[in-house]
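A short worksheet on the structure shown next.
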Protein chains: 2
Amino acid sequence: MARQAGERAVTMRDVAREAGVSIKTVSNVINDYEFVSDATRAKVQAAIDRLGYSVNVSARSLRTGQANLIALAIPDLQMPYFAQLSSLVIEEAKKLGLRVLVEPTLYSREEELNVLHGLQSTMVDGLIFSPLELGQEDIAEFRVDYPLVLLGERVFTNEVDHIATENVEGAKKATTYLLETGCRSIAVIGTHPGERVGSAALRFQGYCEALLDAGIDYDERLVVPSRMWHRVDGEAAMDTLFDSGIVPDGVVALNDMLASGVMHSIQMHGYRIPGDIAVIGFDNSDDSKYLSPALTSISPGLDEVARLAVRTLKDRIDGVQSGERLFAGTDGQEDPVTHREYRQVPSTLVVRESTRVPQA
Amino acid sequence: MARQAGERAVTMRDVAREAGVSIKTVSNVINDYEFVSDATRAKVQAAIDRLGYSVNVSARSLRTGQANLIALAIPDLQMPYFAQLSSLVIEEAKKLGLRVLVEPTLYSREEELNVLHGLQSTMVDGLIFSPLELGQEDIAEFRVDYPLVLLGERVFTNEVDHIATENVEGAKKATTYLLETGCRSIAVIGTHPGERVGSAALRFQGYCEALLDAGIDYDERLVVPSRMWHRVDGEAAMDTLFDSGIVPDGVVALNDMLASGVMHSIQMHGYRIPGDIAVIGFDNSDDSKYLSPALTSISPGLDEVARLAVRTLKDRIDGVQSGERLFAGTDGQEDPVTHREYRQVPSTLVVRESTRVPQA
DNA sequence: TTGTAAGCGTTATCAA
DNA sequence: TTGATAACGCTTACAA
């Protein structure tokens with residue numbers, strides 16, 4: 001920590017003088033160099049403690065070219081999903097001796113470009129980036145000359161390491177589970193008509209696939225779009241459904257906040273959950289277990305996303321190629337030429353009280 | 001950004017050679033030094049662009065002794081309140097040219113001590129710290145030799161700069177507003193019996209003061225404790241109240257998540273909000289406006305907390321004393337000897353739909 | 001208005 | 001096993 005103005009920080013030189021050894025020896029002790037005699041080590045350690053020395057990170061970074069710092073760029077830290085992701089990334093990074101600079105891009109294309117280029121400069125060793133505004137058409141922007149790991153489902157390229165979640169499969173699991181528990185008229189809330197990429201499109205696709213597999217006819221009236229995914233939007237969407245005289249026996253909400261609003265609408269209309277209508281959400285956000293009834297939801301495996309993202313980035317920083325990566329992996333699809341990695345984290349169904357039990 | 005292994009980063013020396021000037025001149029251009037001829041500036045800028053130069057932050061930090069980095073220690077990034085605070089702090093810091101290292105202490109006393117001492121080392125210029133585990137009895141731990149700004153209501157000392165929110169006044173405003181809108185039997189949800197400091201105790205105090213001022217008798221049966229402040233806890237607390245045959249006409253929930261649960265319980269019991277029972281929350285969290293009805297809440301002025309915290313810290317880093325601080329201030333109480341600052345950010349009432357209108 | 005040179009605190013090379 | 005010394009890339013007196 002920077003000292004107050006006036007005080008001069010204790011340096012290795014001071015410690016060396018205090019311990020009666022050379023600077024290099026102090027450095028050796030600090031860095032746990034193997035060949036230091038126990039006596040010397042103890043002597044130096046004592047001096048360090050006495051003087052309250054701690055290493056100057058800037059000097060070390062300058063010398064080694066490594067900052068032990070990574071950046072995490074996300075759209076909005078105030079969204080529970082990204083707050084959780086950030087929290088997990090910070091935790092995981094800590095395990096590998098890395099600090100994290102969180103960089104909210106605040107729904108601005110300019111900020112996203114800013115994060116990708118220039119701005120970060122020599123400050124960080126690499127970047128974990130979850131784009132929102134930039135899309136497939138901006139793929140050239142992602143060709144950068146530093147370690148970069150991409151998150152999310154907006155951009156697909158084999159030129160960059162990429163950790164994605166199972167949106168299609170997750171929504172399919174959700175819908176299939178409703179089918180297994182006896183639902184036959186399943187609404188989906190929160191679609192984005194016209195979109196081909198992004199969570200909304202992929203999750204809706206999963207819904208459709210599940211119906212198809214089950215041989216259930218697709219009913220357009222059960223599909224309720226909603227641009228925003230807040231609680232009110234879910235409530236409004238469900239109200240709309242009821243207003244048009246439709247009462248489904250199951251609802252797939254494309255995220256948990258929508259589900260919360262959906263549940264509220266259902267209960268305000270006098271129906272029981274899950275008795276009359278079962279509800280399932282997506283994201284398995286923290287509050288889903290605090291709703292009443294507690295919400296069954298699809299967990300996108302954010303902890304695994306965080307773990308893989310940080311470890312992949314760390315490997316890249318250390319110059320490790322995919323083929324020789326240090327952590328045990330499953331399901332990795334690697335590009336043999338560029339050695340970029342694309343991994344999809346499996347989503348899991350978290351059953352709570354908003355759904356009925358499967359029929360034996 | 002760190003280059004891939006193998007590439008050498010472009011330095012000022014390279015730019016100087018490319019532009020045919022000295023290193024110092026390049027430095028002058030980078031740092032917007034006043035006395036550089038336009039011609040030279042253009043020449044250097046061109047070279048910078050051509051080579052894609054960006055300054056090496058480590059070298060600069062080493063030389064200047066400033067990292068332009070601050071740390072923000074909070075209990076849990078996944079709590080909406082702290083996620084919002086972090087987001088605001090990052091934004092405010094950016095305006096002053098500072099980056100933020102977010103450091104969740106995860107409800108661990110050890111982590112909090114770790115953040116205060118040692119760990120940060122020379123990496124950051126200062127710390128904004130919102131303690132949760134450390135309390136008044138640990139006051140000695142806060143005597144550190146680097147710029148520190150304290151947040152929250154757990155520790156009070158005139159030895160450290162401190163930005164607090166108006167808990168007592170906020171809760172008093174909330175309760176008074178319910179009284180003004182005709183409520184006479186007002187429950188309070190989420191108290192922590194026995195506590196003297198912390199949000200719960202202070203907010204409860206505000207509730208009591210409002211009743212006292214209005215000459216309303218305090219009714220112990222309307223006070224429902226709850227250790228946790230999640231949605232389910234609010235629901236359970238309200239259920240308990242109903243179960244014991246009590247139906248208040250107003251409820252002060254000690255935070256918005258409690259309020260959300262309270263509202264749910266009320267609606268499940270067939271009462272109308274605000275017609276039968278008015279509800280008011282605390283924190284003015286993002287979702288309060290997405291509840292139905294939208295929740296009236298007390299805003300603790302987090303944006304102002306963030307603004308003051310960052311600016312106070314920045315002033316300390318720059319060696320400015322309270323008396324000569326650069327930003328316009330109101331309400332600042334300063335200790336004349338140590339020049340530490342204690343400021344309380346005013347809370348405001350945000351009226352939405354969960355309360356009735358004041359009686360003329 | 002621009003250039004020279006010293007030094008920030010570390011790590012790394014090499015020699016002792 | 002330890003020590004002297006040269007970078008790392010930048011800012012800043014001071015000189016020109």
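Labels below follow one simple rule: chain letters A, B, ... track the order of the sequence lines, proteins then strands, and each chain is numbered from 1.
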> Does B:A59 or B:F35 map to a spot on DNA chain C nearer the 5' end, using the closest nucleotide for each?
Replying inline: B:F35
>> Show me the pairs that pass salt bridge (charged side-chain N to carboxylate O under 4.0 Å, His left out) and involve residues 47-71 of chain A, at least two apart or across chains.
In response: A:E18-A:R50
>> Going by ring-ring contact (aromatic ring centres under 6.0 Å, His included), A:H162 matches just one of A:F129, A:F156, A:F142. Which one?
In response: A:F156
Return the value, rounded to whole Å, for the distance between atom [atom1] of [X] and atom [atom2] of [N].
X: B:L62; N: D:dT12; atom1: CG; atom2: C1'; value: 14 Å
X: A:I30; N: C:dG9; atom1: CD1; atom2: P; value: 15 Å
X: B:M123; N: C:dT10; atom1: CE; atom2: P; value: 14 Å
X: B:N28; N: D:dC10; atom1: CG; atom2: C1'; value: 12 Å
X: A:M12; N: D:dT2; atom1: CE; atom2: P; value: 15 Å
X: B:K43; N: C:dT2; atom1: NZ; atom2: C1'; value: 10 Å
X: B:Y33; N: C:dT1; atom1: OH; atom2: P; value: 9 Å
X: B:R60; N: C:dG9; atom1: CZ; atom2: P; value: 18 Å

Quick one: do [X] and [Y] make a salt bridge, cutoff under 4.0 Å?
X: B:K94; Y: B:E91; answer: no
X: A:D138; Y: A:R109; answer: yes
X: A:D315; Y: A:R311; answer: no

Within the pair [X] and [N], is there a side-chain N or O less than 4.0 Å away from OP1 or OP2?
X: B:S37; N: C:dT2; result: yes
X: B:S27; N: D:dT11; result: yes
X: B:Y53; N: D:dC10; result: yes
X: A:N31; N: C:dT11; result: yes

> Do B:E112 side-chain atoms and B:L132 backbone N/O form a donor-acceptor pair below 3.5 Å?
Replying inline: yes
>> Please check: side-chain N/O of B:S27 versus main-chain N/O of B:I23, any donor-acceptor pairing under 3.5 Å?
In response: no
> Taking DNA chain D as the partner, which of residues 17-25 of chain B come within under 4.0 angstrom of it by heavy atom?
Replying inline: B:I23, B:K24
> Does the C:dT10 base have a donor-acceptor partner in the side chain of A:R63 within less than 3.5 Å?
Replying inline: no
